[in-house]
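Treat the numbers as computed from the prediction; the structure is a model and nothing was measured.
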Amino acid sequence: MCMRKRSVFSLAICLVGLVDALTPNQLRVLGPQGVNLWKLDKNTPIPTFRKEHEFTFQDSEQVPLNSESKSKKPEFRAQWFKQPLDHFDKHSKHTFHQRYWVNTRHYKPRKGAPVIVLDGGETSGEDRIPFLDTGIVEILARATGGLGVVLEHRYYGESIPVSNFSTDALRFLNNEQAAADSANFMRKVNFDGIAEDLTAPGTPWIYYGGSYAGARAAHMKILYPDIVWGAIASSAVTHAALENWQYMDIIRNAADPKCSAHLVNAIENIDNILINGPAFLRRPLKNLFGLGGLEHDDDFVSVLESPLGSWQAKCWDPAIGSTAFDDFCDILTHPFGSISSAALELPFGHPDRMVIAEDGYAFDVSIINYGRYIKAKYVSKCPKESTVEDCFGTYDDEQYQDTGLDQDWRLWLFQVCTQWGYFTTAPPDQKLPRIISRLLTLGYESKICKQAFLPGVHFKVPPLPNITAVNALGDFDIAADRLAIIDGEVDPWRPDTPHSDDAKDREDTVLRPFKLIPNAVHHYDEYGWLNLLDEPAEIRKIHAEMISFVTSWLKDWEVLHGVQP
C-alpha cells in the first residue's frame, strides 16, 4: 500500500505501480466501461471483431481437450459430470460436461457423512479452489468428516456447452438451467475412489455460495428442499434490481471520511462543469484525466467511476485482499506541488487548494490528484496507436459484438441483461451526496445490452431484465429452515441481500441463522486459514458459529434417518 507520508517523487513511483489488472468484480460493476477496461487488460486489439451468430453445441461425448489443466493444487484434479444442455426440453439430446473438484481429506465413510458443495458462480471454478483447500469448504468438511466439492457453473471456466457466445448460444444461461444442473449433479454423481452412494437425498448435502452464488444457494434450498438439506447464502444478492445506486452509497458511507468528502466534492464540481458549466471548460477538465479526446461526457465520468469497484476487493486476509481502494484514497488526498497538507483541511475550492492546470484553468487539488490517478492506472493502458475514443468510448456498437469464446465478459453481462439487472447508477435523489456522476443513468448503463446481444433466431434479450424471475423466489424475505444468511456490514452488495436496510429484521437462530459480520465486505466467511485460531477475531467467530449450526443440522438429519450416534 502507498504510504501517506512521502515525497512527490515517491508518489509518482507509487502511481506507476498502480497499473494493474481489472478484477472480475470491477467488471461486473462498471457496465460498458468495464468491458473496455477488460479489453485493455487482455490486450485485445480494439478494431477486430468476430460476429458469429451461428453456433454449434460442443461434443458432449468427450471431456474438453484441455481438461488436464493444472489447478494451483495438484491434489484437486478436475473431474467431469455429464449434463443436459436443456433440462426442460425432453426432446433435446444436447449435453455438455460440467467440471468439478473434490476434497476427500477428511471424509469418513458412514451413513450421514455430509457433502459440502460450493457453487462456483460467475467465474472459472479454478478461482474457487482455494476455498476447497483452506476456505469454508475445507473448514466445514474437516469439522464434519464430510466430502468437499467445488462445482463449476455452466458456461464458465471450461464448462462451456457451445462454440461461441452469441445471443442464441447463451439462451441456456439462466437461473433455472443452472439450478437444475446442481440438482441433477446432487442426485446422480458418483465420486471417484468412493464406494459409498453419496447422492441426495440419501446423503445430507450442504450447499454454499457467495455473492451471486450465494443467491443460488438460497434458491437451491427453495427450489429443491428435498435434496438440499442445508444451505449457506453468503452475501447473497437475492434481491434483483434494475438500478443498483445503493452499491456506491455503501462505499461513500464506509470509506475514510476525508476520502469520501473529497470524492463527493470532486464529483459535484465535475458534474457542475459538465452539466451547467460553460462548454469551454469541458475540454480542460477532461485533459486533467488524459481524456480530452473523449467525445461523450457520460463515457468520461464512467472512466472516473473505475477505481470505486476496488472497494469490493477488500479482504481480511492480506494475501488475498486488495489495497487498491485505499491507495486511490491516499493519492486523492495527497499534497501536490505547493498545496500543503494543511491546505487539504480547508474547504473544497478554497483559493489555497487551487492548482493552475496546463490549460491555464484552476481546479481543486483533489480533482488534480484524481486526474493523475486515472491517467496512471487506466489511460496509460490505451495503446499509442489508439485514441482515447477507441479505448474508452462506448457508442460504437460493433466493439461489443465479438462473440468468440475468449469474450467471457459476455457471460455475466448476459445474465445481468436478462434476469439480474444491477446497473450502477447515481442516486435517484439528486440532493443525496454521491461519489459517481449523475450522468450515469439507467439508459447509459444498460445500453450495452442492445449493443452486445443482437436479436437471435431463437432468443432476444428483453428491453430490461426480467428481475421478477429472481425476486419471485423470495427477494429480501427468502427464508427456510436450515438456510443461513450471512452478510458483511460494509459490503456494497448488502442492499441487495436480506440484510438490506429495506428488508425486515430477523431473529438469528440455529435453524435459521441470520448473521452480519462487523466491518466485513464481500463474503468474508468464505475465506479461511488452516489454523482457525490464527484468524481475526470476527472471522474466527463466524467460522465457529457456522461449524456449530451445520453440526446441529447434521444431527437433525441423523435423528430423522435413525442414525445411531
>> With heavy-atom distances below 4.5 Å as the criterion, would you say the side chains of Leu439 and Phe300 are in contact?
In response: no
> Do you know the tightest heavy-atom contact between Glu152 and Gln98?
Replying inline: O-NE2, 2.6 Å
>> So that I can tick it off, tell me whether Glu126 and Arg99 are bridged by a salt bridge, with the cut-off set at under 4.0 angstrom between side-chain N and carboxylate O.
In response: yes
>> Tell me whether the rings of Trp409 and Tyr400 are parallel (<30°), tilted (30 to 60°) or perpendicular (>60°).
In response: perpendicular
> If we only count heavy atoms from C-beta on, is the Ile436 to Val301 side-chain gap below 4.5 Å?
Replying inline: no
>> Quick one, Asn184 with His87, criterion side chain to side chain donor-acceptor pair (under 3.5 Å). Give me CA distance, side-chain angles, the key distance, then yes/no.
In response: CA-CA 9 Å; Asn184 191 45; His87 289 272; 4.9 Å; no
> Distance only, no hydrogens: is a donor on one side chain within 3.5 Å (strictly under) of an acceptor on the other, for Glu445 and Thr425?
Replying inline: no
> Hey, is Asp359 close enough to Arg283 for a salt bridge, meaning N to O under 4.0 Å?
Replying inline: no
> In terms of ring plane angle, is the pair His97 and Trp80 parallel, tilted or perpendicular, where the classes change at 30° and 60°?
Replying inline: perpendicular
>> Students often mix this up, so state it plainly: with edges at 30° and 60°, are the rings of Phe81 and Phe185 parallel, tilted or perpendicular?
In response: perpendicular
> Looking only at heavy atoms, which two atoms of Pro492 and Gln312 are closest? And how far apart?
Replying inline: CG-CB, 4.3 Å
> Does a donor on one side chain and an acceptor on the other come within less than 3.5 Å for His153 and Tyr212?
Replying inline: yes
> Can you name the residues that form a side-chain hydrogen bond (donor to acceptor under 3.5 Å, both in side chains) with Asn466, not counting sequence neighbours?
Replying inline: none
> Where do Asn164 and Ser166 land on the side chain to side chain donor-acceptor pair (under 3.5 Å) test, with the steps shown first?
Replying inline: CA-CA 6 Å; Asn164 64 58; Ser166 65; 2.9 Å; yes
> Taking atom CD of Glu358 as the centre, does the number of heavy atoms from other residues, nucleotides or ligands within less than 6.0 Å exceed 12?
Replying inline: no
> Does a side-chain N-to-carboxylate-O contact under 4.0 Å join Arg494 and Asp487?
Replying inline: no
> To the nearest 0.5 Å, how far apart are CH2 in Trp420 and CG in Asn174?
Replying inline: 11.0 Å
> Is there side-chain contact between Ser163 and Leu405, with at least one heavy-atom pair below 4.5 Å?
Replying inline: no
> Ser302 and Asp299: side chain to side chain donor-acceptor pair (under 3.5 Å), yes or no, with the steps?
Replying inline: CA-CA 5 Å; Ser302 71; Asp299 284 341; 4.6 Å; no
> With a distance cut-off below 6.0 Å to the six-membered ring centre and an angular limit of 45° from the axis, does Lys377 pair with Phe328 as a cation-pi contact?
Replying inline: no
> Is a salt bridge present between Asp297 and Lys286, judged by a nitrogen-to-oxygen distance below 4.0 Å?
Replying inline: yes
> With a distance cut-off below 6.0 Å to the six-membered ring centre and an angular limit of 45° from the axis, does Lys314 pair with Trp311 as a cation-pi contact?
Replying inline: yes
> Which of parallel (below 30°), tilted (30 to 60°) and perpendicular (above 60°) describes Phe131 and Tyr527?
Replying inline: perpendicular
